[in-house]
Amino acid sequence: MAGQAPASVPPPGMSAGASAGSPVPPPGPPLHLPAGPPVAPPTAPPAVPPATQPAELPEDYTPTARDLPVVTPGRTDTLIDRPSVVVPEPAMSSDAPGGMGPLYVVGDVHGYYDELREALAAEGLIDADGSWAAGNARLWFLGDFTDRGPDGIGVIDLVMQLSAEAAAAGGYCKALMGNHELLLLGAKRFGDTPVQSGAGTASFQAAWLLNGGQKTDMDRLEDHHLQWMARLDAVMEEDGHLLVHSDTTAYLEYGDSIEAVNDTVHEVLTRSDADEVWDLFRKFTKRFAFRDEAGSQAVRELLDAYGGDRVVHGHSPIPYLLGEVGTEDGEGDGIAVDGPHVYADGLAIAMDGGITMAGKLLVVQLPLTG
């Protein structure tokens with residue numbers, strides 16, 4: 001991945017996880033590093049050639065690209081807007097705080113701008129022009145806006161735009177820090193600077209490329225994007241839902257309250273020490289803490305520390321949590337994801353629908369019904 005008020009996501013232009021050991025992969029086929037760089041849509045610029053990887057990656061580092069297949073050929077061009085859609089009215093919630101509208105959350109986007117627009121419009125959150133249409137509704141993104149997909153910067157720009165428009169309409173649009181935000185920040189700040197990994201040396205640049213970094217995103221990355229990412233919170237609680245990016249208990253290492261965790265993460269990024277930021281990235285890349293027999297206890301540790309009745313997270317694709325993973329030769333493509341996955345004795349809600357695996361980009365209203 002308790003009542004502390006979160007800092008709003010700044011409008012455009014404003015300055016702005018298991019244990020410490022490696023998670024045990026699910027039973028089934030082994031997870032492999034994709035054979036080549038992510039396949040870009042036909043109209044996108046040529047993909048970045050693979051970079052020379054570090055001689056040795058840390059044993060306890062779990063690079064996401066070893067877990068997640070890159071999108072397969074044949075996807076539609078996500079840089080082209082889809083035709084206009086009928087925009088439904090957002091449903092109202094009786095559980096919302098006074099004067100506030102319903103609460104929505106968005107899973108990992110990973111650069112799939114067009115799919116994001118379609119999913120937001122289907123819930124009545126934006127109109128056909130991509131502008132906020134949900135009045136006083138509340139919208140939270142769970143992180144991981146870039147890498148693998150073709151337009152990560154477009155996704156960030158849209159979230160920043162919606163933040164300003166939602167605030168003007170009496171609602172809000174906010175976002176959490178994902179491990180890919182940390183990775184992109186590190187790649188931009190530190191490049192090929194060696195970092196101490198515990199099992200040799202690595203670099204943010206190599207890890208970024210290994211995890212689906214897109215040259216077009218790096219070329220379009222500006223100071224206001226960096227400032228916005230660096231100010232994102234890591235943990236927040238809304239209406240009894242503890243919102244985090246990663247399914248890990250590593251957050252507990254950074255503070256015993258929501259405010260303490262967010263302050264510590266911001267301090268690490270402000271100090272801008274490459275090794276310290278790398279350690280933060282590595283810990284936020286952990287996964288599967290809530291999946292096995294002890295999963296519900298791990299969730300309770302977070303809830304006891306930070307409040308809330310359920311943890312809502314992204315990061316680990318639902319097909320992985322269910323053990324329905326394919327291999328890099330194409331098995332498992334198009335795995336059906338109908339909606340969020342509730343598990344760990346009902347205490348955890350997984351929101352990563354596996355968009356990079358030809359799955360689904362999830363946008364749902366909380367609390368879940370049915």
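- Inter-residue side-chain proximity for L182 and F204 is flagged as unmet; no heavy-atom pair is nearer than 4.5 Å.
- When the shell of 6.0 Å around CG of D256 is examined, it contains 12 or fewer heavy atoms from other residues, nucleotides or ligands.
- The backbone N or O of L368 sits nowhere less than 3.5 Å from a side-chain atom of Q365 that would complete a donor-acceptor pair.
- Side-chain contact between R220 and H225 is absent, with no heavy atoms from C-beta onward closer than 4.5 Å.
- The CZ atom of R310 lies 13.0 Å from the CG atom of L243; values are rounded to the nearest 0.5 Å.
- Using a 4.5 Å heavy-atom threshold, the side chains of E253 and T264 count as separate.
- For the pair R117 (side chain) and A128 (backbone), a donor-acceptor distance under 3.5 Å is present.
- For the atom pair CD (Q205) and NZ (K188), the distance works out to 10.0 Å, reported to the nearest 0.5 Å.
- Between W208 and K215 the shortest heavy-atom distance is CH2-N, 4.2 Å.
- Between atom NZ of residue K174 and atom CE of residue M236 there is a gap of 7.0 Å, rounded to the nearest 0.5 Å.
- No side-chain donor-acceptor contact under 3.5 Å links H110 to the backbone of P150.
- Taking the six-membered ring for Trp and thresholds of 30 and 60 degrees, F141 and F145 have ring planes inclined between 30 and 60 degrees apart.
- L183 has its side chain out of reach of T146: every pair of non-hydrogen atoms, C-beta onward, lies at least 4.5 Å apart.
- Counting heavy atoms from C-beta outward, H241 and P367 have side chains that approach closer than 4.5 Å.
- The aromatic rings of Y172 and W140 lie perpendicular to each other, with more than 60° between the two planes, well past the 30° mark.
- Looking at N179, its side chain never comes within 3.5 Å of a backbone N or O of F281 through a donor-acceptor pair.
- Counting all heavy atoms, side chain and backbone alike, V261 lies closest to A234 at CG1-CB, 4.3 Å.
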**Request:** Verify side chain to side chain contact (heavy atoms under 4.5 Å, CB included) between M357 and I318, making sure each step is shown before the conclusion.
**Result:** CA-CA 10 Å; M357 305 166 68; I318 291 170; over 6 Å; no
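- A donor-acceptor pair is defined here as one N or O able to donate and one able to accept, closer than 3.5 Å; no such pair exists between the side chain of T249 and the backbone of A298.
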**Message:** Could you go through F190 and V195, starting from their C-alpha distance and side-chain angles, then the distance that decides it, and tell me whether this counts as side chain to side chain contact (heavy atoms under 4.5 Å, CB included)?
**Reply:** CA-CA 9 Å; F190 308 117; V195 292; 5.8 Å; no
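- At distances below 3.5 Å, at least one donor-acceptor pair connects side-chain atoms of H315 with backbone N or O atoms of T285.
- Checked by atom type and distance alone, the side chain of D127 pairs as donor or acceptor with a backbone atom of D129 at under 3.5 Å.
- The heavy-atom pair separating S296 from A344 by the smallest distance is CB-O, 3.8 Å.
- The CG atom of L120 sits 11.5 Å away from atom CD of E115, with the distance rounded to the nearest 0.5 Å.
- A distance-only check finds no donor-acceptor pair linking the side chain of R300 to the backbone of L347 [under 3.5 Å].
- Residue L221 comes nearest to L226 through the heavy atom pair CD2-CD2, 3.6 Å, listed as atom of the first residue, atom of the second, then distance.
- The shortest side-chain heavy-atom distance between V311 and L303 falls under the 4.5 Å cut-off.
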**Request:** Please assess Q214 against L184 for the test side chain to side chain contact (heavy atoms under 4.5 Å, CB included), listing each intermediate value before the final yes or no.
**Result:** CA-CA 10 Å; Q214 303 292 299; L184 183 57; over 6 Å; no
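- Considering M177, E276, M229 in turn, M177 is the only one that fulfils the side-chain contact (heavy atoms from CB on, under 4.5 Å) rule with L269.
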**Request:** For the pair H180 and R148, evaluate side chain to side chain contact (heavy atoms under 4.5 Å, CB included) and give the outcome as yes or no after the intermediate values.
**Result:** CA-CA 10 Å; H180 281 262; R148 299 197 183 90; 3.7 Å; yes
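- A donor-acceptor contact shorter than 3.5 Å is absent between the side chain of D352 and the backbone of D108.
- Under the 4.5 Å side-chain criterion, counting only non-hydrogen atoms from C-beta, V106 is in contact with L361.
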**Message:** Run D279 and R282 through salt bridge (charged side-chain N to carboxylate O under 4.0 Å, His left out) and show every step you take.
**Reply:** CA-CA 5 Å; D279 190 58; R282 180 182 62 82; 2.6 Å; yes
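- The shortest non-hydrogen separation linking L242 to I258 is CD1-CD1, 4.1 Å.
- Atom-to-atom distance recorded for L116:CG and I355:CD1 is 9.5 Å, nearest 0.5 angstrom.
- In this structure the side chain of L139 reaches within 4.5 angstrom of the side chain of W132, judged on heavy atoms.
- With hydrogens and angles ignored, the 3.5 Å screen pairs a side-chain donor or acceptor of E181 with a backbone N or O of D144.
- The two residues M351 and P340 come nearest to each other via the heavy atoms SD-CG, 3.7 Å.
- To the nearest 0.5 Å, atoms CG (L125) and CZ (R138) are separated by 12.5 Å.
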